[in-house]
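The structure appears right after this line, and notes come after that.
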Amino acid sequence: MARYNPQDTEPKWRAAWAEADVFRAGPPDKADPRPKYYVLEMFPYPSGRLHMGHVRNYALGDVIARFKRARGFHVLHPMGWDAFGLPAENAAMERGVSPKDWTYQNIAAMREELKRLGLSIDWSREFATCDPEYYGQQQSWFVDLWRRGLVYRREGMVNWDPVDMTVLANEQVVDGRGWRSGALVEKRKLNQWFLRITDYADDLIEGLKTLDRWPAKVRLMQENWIGRSSGLRLTFAFADKAPAGLEGGLEVYTTRPDTLFGASFLAISPDHPLAESLAAADPKVAEFLAECRRGGTSEADIEAAEKKGWDTGLRVVHPFDETWTLPVWIGNFVLMDYGTGAIFGCPAHDQRDLDFARKYGLTVTPVVLPPGAQADTFTVDREAYVGPGRIFNSRFLNDLEIEAAKKAAIERIEAQGRGTGATVYRLRDWGIARQRGWGCPVPIIHCPACGPVAVPKADLPVKLPDDLDFSRPGNALDRHPTWKHVTCPTCGGMAQRETDTLDTFVDSSWYFARFTDPTASKPIDKAAADYWMPVDQYVGGIEHAVLHLLYARFITRALADEDLLSVREPFAGLFTQGMVTHETYRRQTGEWLEPNAVDVTVDGASRIARLIEGGEPVVIGDIEKMSKSKKNTVAPSDIFDDYGVDAARLFVMSDSPPERDVQWTTGGIEGAWRFINRVWNEFDSQPMDIAPADITSDPKAVELIRASHRLVAGLTDAIEGFRFNSGIARLYEFLNVLKANPAESASPAVLTARREALSALARLVAPFTPHLAEACWAQLGETGFVATAPWPSFDETLAAQDELILPIQVNGKRRGEIRVPVGGGEDEIRKIALADPDVQRHLEGLTVRKVIVVKDRIVNIVVG
RNA sequence: GCGGACGUGGCGGAAUCGGUAGACGCAGCAGACUUAAAAUCUGUUUCUCGUCAGAGAGUGCGGGUUCGAGUCCCGCCGUCCGCACCA
């Protein structure tokens, strides 16, 4: 018996697949009866080496692609490279290589590693976002969006990452730090390029409702991120002379117009134009504003931040009472970039307003009466009341419930012409320009006479020069001696190219559409996109829940409105897989150690770790995401060398549910390796030429066939439901059944049944361990690839048992079991159950009050 | 603070509809093969009591609904994730 040798077998089958070009997706073809299925995993950044996270991500997608192909779908499963970005510039600065060479070399290396994984990818569609053919098409639609006004430029406060020396979008700031660099982000006032994602805020929220194959968690996160709230925009007139520029009054936004009679002050943001003009006239105001800005933006700072205010001396008139005026304060807690940058304060029903009012001695008037409270005794002290109730102290709003009062107040304000009901979003426009040299150039030329002018499409792509100087930090494109100096396409005068490049998240916001025809002479070939889009199953990490996944949904809409696409939602199904983790190891001194330098042994209840060289005791740390900094990584190529690709694929899939983190362990990969060998042994020991015998002549053969049909049903369900770990457990289970019926001692009937079961098994393991499956398929004497063989069919009547073991409970406790035919009648079952000796013992001296028979499941006898 | 998810053996996990809790794997223990080890194979392993037969307990804690609860409801505790002065 030959031991399974992945080192010989795996490359052989990969070469055979490539030779036969079996994974190429055909062009859109109406005559093809197969339904299309587009499987995509988030494409990798070419960092240079594959890590276990990639293995898990791509193996997962490949299971789906191979499964769907076997189920009769026309599958598109492409691969490309998210190739622009800072690591290339950092490498350039450190090593003096060009970012382009570094990137393409990494791509070449990673392509080989990915190919080694045996993925069923259509490599003919591969591209990198740093290919001019790709980013040139991106510039083309960017110009379209610019013409439509979806791209704009304005001065504004932006997030500045001082380490990466570039602007970041709000989505890219995590806990006040840059998402890549981890540096504390500064606020800077800059002229910036924006994409008007807020135009689509409503559509992006509404669209979430249609994404029933997305995790609820991601939909919720996007909904919260967009943060829609409805309320009232309302202008307060100044009681005396209005400050310059605010003759029309001061506009505020509120979600609680029902509490207008509880208003005791207005507060504006320190960044409000009014605050700034007051500061220009009064140094003391300027000093106050400076004080407000000193506070940090981190979590802890905000938590500790005290409410601070400055009374401007200005007063405004209450919209419902000409004789009632309110003071206008500057409040450090009011944000400029939400709503209008100004609020009215109702201290009784908003905690922030209450803190502020108590500090500065402002009036607190309750206007919402909690259920059960008395109007004459209800007061608010240190805790604002935000619950439900009836409005009181509020003239025409009295006795209304909160929602009705909101409506009434808005109607009154609208009738007065002082404001309108309004919907406001937390989402901000997407700052897309980066001050970096290794990115897609913004295709705009700044002309002193004509202003910003789009580069004519005939002149696209605006290519990056090859001779950029990355030896020092900052924007290499900007300091290039000649690149930016051009003539204006409109007037022919001297002009300068924009030297900012696009956020790499722009690159990844449409690549899935480009895959449908990567050589099209326009950004997207409509016919190809109409055939393949949307992506039926997208697979990637949860970390992109509000970054990439929101941007891609937005760009898809923008391109649909440009008539480049027909779909508005790019990803019909989304699966977010968990991370690959590993135990961490440290020296006593705290220095991190690589797993393969450490030997772990079990000693009774505890595990002891020592350095392999020298035996020095090692501290076993937490289980964490594999990372270079903690050295708890395992190189995929080492695992492929030792156990083969299939074992690695199988293990990352088998040990945990795919949405959860999986812990890499030596024991786990060895278990997967054992399984592969045991599968191979079953095929290897099966005699090739057997005379077909009547399976029904041997009950063991019948049972084996039944088990195989149950396996088909169970595994199909498990894959459809992304329960890959459970599905693989069924495969292990079935292998145990096969092993209990070894070929060596099998009857002709069992041998025949084995032959049939093995044929199914080869096809069932194919999505997980594709190389092994081909070897097994060939061993059976089948022709063609198992990769293109149809999924085994499932015969319900064969899978069904004709007898089953029914548990019997007495008062809910399991007391015995009976063997009965499937579908047995209730009376008959009851009789057998009551006659069972084990049950009888527990009925002694008791009266049977009730017998519950759940067909084919359980019997419960209630006694008293 | 707000929103969400999750708590099951020594470990990863299974139980898809309220119906035998612990599938499958890892680790452990015992045995076979071997001069020995590795590999492989067989058996065994929730806990407590018991020689066995068996009995009792058991899915974070406390209640509830039900003939029956890991699963549903209420209240706690804990862990993780997202957001966070968003008016």
Side-chain angles (χ1 to χ4, degrees), chain A residues 3 174-175 215-218 220-225 227 229 231-232 252-256 259 267 269 295 299 301-303 305 307 331-335 337-346 349-353 355-356 424-427 542-543 545-546 602 604-607 623 651 654-657 659-663 665-672 674-675 677-678 681 714 717-718 720-721 723 725-736 739 805-817 838 841 849-863:
Chain A
R3 198 176 162 81
V174 179
D175 290 339
K217 180 189 169 75
V218 175
L220 188 70
M221 280 168 71
Q222 291 213 356
E223 194 177 331
N224 290 340
W225 186 265
S229 75
L232 171 70
V252 305
Y253 171 74
T254 180
T255 55
R256 295 296 303 270
T259 64
S269 164
E299 210 176 315
D301 291 338
I302 289 166
E303 204 67 50
K307 298 282 177 289
N332 68 334
F333 63 101
V334 183
L335 304 173
D337 54 4
Y338 184 78
T340 63
I343 60 154
F344 82 78
C346 173
H349 305 293
D350 183 290
Q351 193 58 47
R352 292 154 305 175
D353 296 350
D355 295 343
F356 191 76
V424 162
Y425 302 90
R426 206 191 80 103
L427 182 71
I542 187 80
E543 66 273 18
V546 285
V602 175
S606 59
R607 295 167 69 243
I623 295 154
F651 173 57
S654 66
D655 221 38
S656 293
E659 69 279 9
R660 240 183 277 179
D661 291 352
V662 64
Q663 189 193 342
T665 60
T666 309
I669 183 69
E670 281 173 354
R674 268 195 290 274
F675 173 77
N677 278 287
R678 279 158 39 172
N681 288 341
D717 262 20
E720 300 265 15
R723 294 184 304 275
N725 56 325
S726 297
I728 291 168
R730 305 293 290 263
L731 285 168
Y732 276 82
E733 219 170 4
F734 181 70
L735 196 67
N736 291 337
K739 274 172 52 167
I805 291 163
L806 216 55
I808 314 298
Q809 295 181 331
V810 177
N811 282 349
K813 281 193 199 301
R814 187 176 177 279
R815 295 303 184 188
E817 54 187 38
D838 283 336
R841 270 190 315 120
R849 301 206 187 277
K850 203 170 169 187
V851 178
I852 291 143
V853 178
V854 183
K855 202 175 178 190
D856 294 343
R857 291 222 93 136
I858 202 164
V859 178
N860 193 9
I861 302 167
V862 187
V863 296

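Every chain is numbered from 1, with letters handed out A, B, ... down the list of sequences. Just so it is clear, the model here is predicted, and its values are computed rather than measured.
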Side-chain heavy atoms of A:Val424 within contact of A:Ser229, under 4.5 Å: yes
Can you figure out which of B:U42, B:G12, B:A15 approaches the side chain of A:Lys739 most closely? B:U42
Heavy atoms from C-beta onward define the side chain here; which of B:G19, B:A14, B:U16 lies closest to that of A:Pro657? B:A14
Could you tell me the separation between the CG atom of A:Asn860 and the P atom of B:C67, rounded to a whole number of Å? 10 Å
Classify A:Arg857 by what it touches in the nucleic acid, base, sugar-phosphate, or nothing, heavy-atom distance under 4.0 Å. sugar-phosphate
The salt bridge (Lys or Arg N to Asp or Glu O under 4.0 Å) partners of A:Asp350 (sequence neighbours excluded) come to A:Arg352
Listing, residues 728-735 of chain A side-chain donor-acceptor contacts under 3.5 Å, not counting sequence neighbours, or none:
none

Can you give me the N/O atom pairs linking the protein to nucleotides 79-82 of chain B at distances under 3.5 Å, or say none if there are none?
from, atom 1, to, atom 2, distance (Å)
B:C81, O2', A:Lys217, NZ, 3.0

Return the value, rounded to whole Å, for the distance between atom CG of A:Asp661 and atom P of B:C6. 15 Å
In the structure I gave you, are the side-chain heavy atoms of A:Asp355 and A:Phe333 within less than 4.5 Å of one another anywhere? no
Show me, range against range, the stems involving RNA chain B, built from at least 3 consecutive Watson-Crick or G-U pairs below 3.5 Å. B:1-7 with B:77-83, B:10-12 with B:24-26, B:28-32 with B:40-44, B:46-49 with B:54-57, B:60-64 with B:72-76
Salt bridge A:Arg723-A:Glu720, side-chain N to carboxylate O under 4.0 Å: no
B:A69 and B:A21: how far apart are their C1' atoms, nearest whole angstrom? 11 Å
Taking atom C1' in both B:G13 and B:G19, compute the distance separating them and give it to the nearest angstrom. 22 Å
Any protein N or O atoms within reach of nucleotides 23-26 of chain B? Criterion: under 3.5 Å, listing atom names and distances.
from, atom 1, to, atom 2, distance (Å)
B:A23, O2', A:Glu733, OE2, 2.7
B:C26, OP1, A:Arg674, NE, 3.1
B:C26, OP1, A:Arg674, NH2, 2.6

Nearest-Å distance for atom pair CG/P, residues A:Asn681 and B:C41: 8 Å
Atom pairs under 3.5 Å: protein N/O with N/O of nucleotides 48-57 of chain B:
from, atom 1, to, atom 2, distance (Å)
B:A55, OP1, A:His842, NE2, 3.3
B:G56, OP1, A:Arg815, NH2, 3.4
B:G56, OP2, A:Arg815, NH1, 3.0
B:A57, OP2, A:Lys813, NZ, 3.4

Please report, rounded to the nearest Å, how far the P atom of B:A69 is from the CD1 atom of A:Ile852. 12 Å
How close or far is atom P of B:G12 from atom CD of A:Glu659, stated in whole angstroms? 16 Å
Starting at the 5' end of RNA chain B and moving along, which residue's nearest nucleotide shows up first, A:Arg660 or A:Leu806? A:Arg660
Between B:G82 and B:C76, how far apart are the P atoms? Round to whole Å, please. 25 Å
Length of the line joining A:Arg426:CZ and B:G3:P, which is rounded to integer Å: 16 Å
Measuring only between side-chain heavy atoms, which start at C-beta, is A:Ile808 closer than 4.5 Å to A:Ile861? yes
Quantified in whole Å, what is the P atom distance between nucleotide B:G75 and nucleotide B:U51? 47 Å
If each of A:Thr255 and A:Lys850 is mapped to the nucleotide of RNA chain B with the nearest heavy atom, which maps nearer the 5' terminus, i.e. the 5' end? A:Lys850
